[in-house]
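Throughout, a chain's letter reflects where its sequence line sits, starting with A, and its residues are numbered from 1. What you see is a predicted model; the values in this text were computed from it and never measured.
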Number of protein chains: 2
Amino acid sequence: MTIDPYSHTPVYVQLADLIRERIESGQLPPGASVGSEMSLSQEHGIGRDAVRMAIALLRSEGLVTTSRPLGTRVRETPPRRKVELAPGASVVARMPSGKERRSLQLDEGVPVLEVRDAEGNVEVFAGDEVELIRPPA
Amino acid sequence: MTIDPYSHTPVYVQLADLIRERIESGQLPPGASVGSEMSLSQEHGIGRDAVRMAIALLRSEGLVTTSRPLGTRVRETPPRRKVELAPGASVVARMPSGKERRSLQLDEGVPVLEVRDAEGNVEVFAGDEVELIRPPA
DNA sequence: AATTATTTGTCCGTATGTATC
DNA sequence: CGATACATACGGACAAATAAT
């Protein structure tokens, strides 16, 4: 798999696709490093900007996290706890705002579940920590 | 509201916060342009890098979309249709993979809802198009 | 139908700061 | 302490896509 600078899809999207595939195939397991910006730039013959944008895209999808000076690693996802959805409740999924993300201490790329119960009370859950359940009849 | 380059919060986060506020307040309605990278750079006296990072952040939150040469515009969100959650079903929220996003024609920053019914069949919904419902008892 | 203007995509260089080993 | 690697931020330059004319 190589990157084609003449393709109509942006180079940074191509690199993100490539790395995403390696993560989803298990070739890059949770905790594994995806390589430094420098090495990725050199290995694929692309610029620093493209590498950084690719990494930022993967971060925004919740697939990786980056820290100094370890670099970018495949994100380890927490176990999900089951939450029962009450009768008359409704739920929507969306990305948190910046403030919300910081206050809930969510990683980038983690959606939230907004649950509204029959009385109109709203509760927000981290999307990677819960699994909503409607119990069997 | 101005941007303070000496603040401890990064310039690009400040700009993203500023634009986000204008979007959420309705000052920038859906479809409106948030301005080109160049103009934002000049108006706020910051570099193009910072502008690009702010825009990328807002894109990852599903607030804007960008294209050439129209630039970045406030995303128009479709109306949500109600989908009933069957008894015994469970649902998780996550970000779509790149392929998934393209095949579902989702904008960046739009999560998906993965619904598994009692028989184990899985269905994936665009997170900005549906509202899951558990009917009142 | 062809051209132009606009805007983003991508490259590169430089610099400072910060966190970790 | 020094080496590493990313985060942030500025600057310039050209290529590519497409809306507008």
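- Hydrophobic clustering (side-chain heavy atoms under 4.5 Å, transitive across Ile, Leu, Val, Met, Phe, Trp, Tyr) groups B:Ile19 together with B:Val51.
- Comparing A:Glu37 and A:Arg48, the nucleotide of DNA chain D nearest to each residue sits closer to the 5' end for A:Glu37.
- In this structure, the side chains of A:Val11 and A:Asp4 stay at 4.5 Å or more apart for every pair of heavy atoms.
- Between A:Thr66 and D:dA7 there is a side-chain N or O to OP1 or OP2 distance below 4.0 Å.
- Nucleotides of DNA chain D nearest to A:Tyr6 and B:Gly47 differ in position, and the one nearer the 5' end is that of B:Gly47.
- Among the heavy atoms of the strands lying under 4.0 Å from B:Ile46 are primed sugar atoms or P, OP1, OP2 only; no base atom is included.
- What separates CZ of B:Arg68 from C1' of D:dA20 is a distance of 17 Å, to the nearest Å.
- Residue contacts shown for A:Met53 are absent, as no nucleic acid heavy atom lies under 4.0 Å away.
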Exercise. Output, in order, the C-alpha distance, side-chain angles, deciding distance and verdict of salt bridge (charged side-chain N to carboxylate O under 4.0 Å, His left out) for A:Glu61 and B:Arg101.
Key: CA-CA 11 Å; A:Glu61 293 173 5; B:Arg101 191 176 68 233; 3.0 Å; yes
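- Put simply, CG on B:Leu70 is 10 Å from C1' on D:dA20, counting in whole angstrom units.
- The separation between A:Arg59 atom CZ and D:dC6 atom P is 11 Å, rounded to whole Å.
- Think of the region where chain A sits on DNA chain C: with heavy atoms and a 4.0 Å cut, that region ends 5' and 3' at C:dG9 to C:dT20.
- Contact annotation: B:Tyr12 side-chain N/O to D:dA9 OP1/OP2 distance is not under 4.0 Å.
- Follow the hydrophobic side-chain contacts under 4.5 Å out from B:Leu63 and you reach B:Leu40 in the same cluster.
- The residue among B:Met38 and A:Ser41 whose nearest nucleotide of DNA chain C lies closer to the 5′ end is B:Met38.
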Practice problem: Kindly determine whether A:Ser97 and B:Glu24 satisfy side-chain contact (heavy atoms from CB on, under 4.5 Å), including the steps that lead there. | Solution: CA-CA 10 Å; A:Ser97 74; B:Glu24 287 170 353; 4.1 Å; yes
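- When every heavy atom of B:Leu28 is checked against every heavy atom of B:Ser33, the shortest pair comes out as CD2-O, 3.7 Å.
- Rounded to a whole Å, the CZ atom of B:Arg52 is 15 Å from the C1' atom of D:dT8.
- At whole-Å resolution of the value, CD in B:Gln14 and P in D:dA7 are 18 Å apart.
- Among the atoms of the strands shown, none is found under 4.0 Å from any heavy atom of A:Thr72.
- Both B:Asp49 and A:Pro10 sit near DNA chain C, but only A:Pro10 has its closest nucleotide nearer the 5' end.
- In terms of modelled atom types and a separation under 3.5 Å, the side chain of B:Thr72 and the main chain of B:Val34 share no donor-acceptor contact.
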